[in-house]
Each structure stands twice: as C-alpha cells, then as structure tokens.
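Reading through the structure tokens given below for one structure.
All ligand and atom numbering here is 1-based and tracks the order in the structure. As a basis for the values below, the full set of heavy atoms in this structure was taken, side chains included, without hydrogen atoms, waters or symmetry mates. Count residues from 1 along the sequence.
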Amino acid sequence: MTTALIVHGGAGAWRPGSDDDAIAGTTAAVAAGRKILEAGGSALDAACAAAVVLEDNPIFNAGTGGVLNFDGFVELDACVMVSDKNQIGSVSGLQRVKNPILVARQVMEVTDHVMLTGEGAQRFARVMGHADHDPITAARRADWEQKKKTLEVGVGADGKGAMKIREFLRSHPEYAGGTIGAVALDANGVLCAATSTGGVTMKMVGRVGDTPLPGCGTYASKLAASSATGTGEYVIRSLACRQISDNVEKGMSLKAAIDAVLDGLGRDFDADVGFIGIDAQGNAVGAHRTPHMPHAWFSGNSEIIAKMRA
Ligand code: ASP
C-alpha cells in the first residue's frame, strides 16, 4: 500500500526572507517521517517524528519558539489522532515542555483520558519524564515586547486608542502563523493527524484554540485525516477537520472537501486559515486563505515537494 506524509508550518504572512528556512524546516520534517514509513513504521510514529522536528525548530510556533501569551509566557496545545479505533490524545495550556506532541501521544497511550490541561498536563508530562524546558526564544520575546508596546500606545486606524488584538493581527499578519501539523498514511492504511502550537499571539491566559480539540484543528477518520492552522476560533466554530472527513465520506475528493471547508470559512468569517490532509489513497493536499502556508509532502515514490503557498 502507498504511504504518504504532509506537514505544514502555519498559515499566515511569513516575514520576507524567511522562505528558505521554512522550506528547509518542513522538508526535514517530511524526511524524518518518511524514513519511518518506508521502514514499515506506523502513521502515528511518522506523524509524531515529523511534528517533533518542527516543534524543535524555533522558527515555528510550536514547542521551542511558541508565541507568548498576553502575560508573557508560553502555553502549548497539541493533539494526535489515529484513524484506527478513533484513538486521540491531547494537551492544552501545557507549560515548559519541549515536545507537547509526545505528551499528547502519551495521554492517548497510557491514560484513560483524551485530554489533559494546564497544571495537570504538566504534572503528567513530568511523570512521563519530560524535563523542564523553557520554550521562549529571544526572537519571540522581542516580538512580544514590541507588540505589547504597540498595543499600549494604541494603533487604532482612527487614532483613538488601542486596537483589539484581532484587528492588530490583521494589519500585522507577520505576527501570526507558525503552528505545525503532520498527517501520515502508513502501509496498513492507517491515517494519523498531529498538530502542535503555541496558539495565537497575545492570547488571554487560559485560551484554548482549535489545535487540541479533536474534529476542530485535528482529525483522522478511516477515509481522510487533516490538520488546521490559522485563527482557531473560526476553526472551532466550523468543526473544520471533522467536516473535511465528512465531505470525503460523502464522496468528495480530498481537494474538494478541503476547498468546500475553506470556502465556508471565507464566506462566514473571512477566516485566515489553512489545512493539510491525506486521504486513504495517499493523495496529499494543502490549501489556505492566507498569503503563505509553508508545507511539504511526499506520496508513494514521489520526491519531497515543499512550497510556501499552495
Ligand atoms: N490554530 C492555532 C490556534 O488558534 C494558531 C495557528 O495555527 O496559527 O491556536
């Protein structure tokens, strides 16, 4: 059977000059996952290996390099789902851990639960052997300081005071994006989706996005699996990744299934979002409504292909 893997590095407007790093980072993640799939490994192992490469790369908003919340610390969300028996593991609001996706996987494999959050997630991570790790990079700290200053001074288009953060991000989209996702199909026909993020920049403490919510930012059915990126509040309201799987079940191609969800998100919210997915035949699709969404994939015997936009 065909194997395939696709990853994304976050929908948004990437800073000029960052293309080469984003392409190299996503390509390296696909290569790590591909090695596992071609040695007969599982979609779960491959998607997690790819996600770890991206979490460890500080240019992406996941693991090391996660964006800071309003109070100036990092709360990480991650989720993994396997099509076989609807296995799901998820963490939200996790602090000071290097690889949240591996903690999410352990929630799935060694607990009775689907999701752990906040302090409980961190306690579980420590018990599982994840050492204390500060994910804040100098670049993310500098971004945060600048944003904080701008918001305090007020950047309203009408000159009458501070903009709300969403409006601020719309006019400075280079601050958004960078979430990571990996979706894999293994030789047994099992699909796995994994997503990991620091969330949206300047989020309120305690905010949970779409990433750790199954069916929203991450989903795997027997026919299709997908991972979302972009403003999570829109993705949650539309149960986007579940919709993609449902569309495929209704007979749409994966491309049409993703495009239909993107169209709906555009119509209803003008949402800045993107998706990657793989179907049971190994077709890999990336699509987005943002200027960029670095993504890379292979399917069957293909080369690894990497792009900044679909
Ligand atoms: N979807 C993520 C969240 O809302 C952020 C992103 O993908 O940029 O937490």
Look only at the side chain of Thr117 and the backbone of Ser92, and say whether a donor-acceptor pair between them is shorter than 3.5 Å.
yes

Would you say ligand 1 has an N or O under 3.5 Å from any N or O of Gly230?
yes

Within 4.0 Å of some non-hydrogen atom of Asp210, the atoms of ligand 1 are 1 (N), 2 (C), 3 (C), 4 (O), 9 (O)

Is a donor on one side and an acceptor on the other found under 3.5 Å between the side chain of Asn69 and the backbone of Asp71?
yes

Contacting atoms of ligand 1, where contact means under 4.0 angstrom from a heavy atom of Thr229
6 (C), 7 (O), 8 (O)

State whether the side chain of Ser299 and the backbone N or O of Gly282 hold a donor-acceptor pair below 3.5 Å, judged by distance alone.
yes

So, Lys203 side chain and Gly209 main chain: donor-acceptor pair closer than 3.5 Å or not?
no

Can you name the side chain to side chain donor-acceptor pair (under 3.5 Å) partners of Thr290, sequence neighbours left out?
His288

Check for a donor-acceptor pair, side chain of His133 on one end and backbone N or O of Ala131 on the other, with a separation under 3.5 Å.
no

Using a 4.0 Å heavy-atom threshold (strictly under), name the region of Glu75 that reaches ligand 1: side chain, backbone, both or neither.
neither

Are any of the N or O atoms of Thr179 closer than 3.5 Å to those of ligand 1?
yes

Do any nitrogen or oxygen atoms of Arg207 come within less than 3.5 Å of a nitrogen or oxygen of ligand 1?
yes

Heavy-atom gap Glu233 to ligand 1 smaller than 4.0 Å:
no

Got an N/O contact under 3.5 Å between Gly232 and ligand 1?
yes

Say whether Gly10 and ligand 1 are in contact under the criterion: heavy-atom distance to a ligand atom below 4.0 Å.
no

May I ask you to establish whether Lys148 and Phe70 are in a cation-pi arrangement, using a distance under 6.0 Å from NZ or CZ to the six-membered ring centre and at most 45° from the ring axis?
yes

For Val200, atoms of ligand 1 separated by under 4.0 Å from a heavy atom:
4 (O), 9 (O)

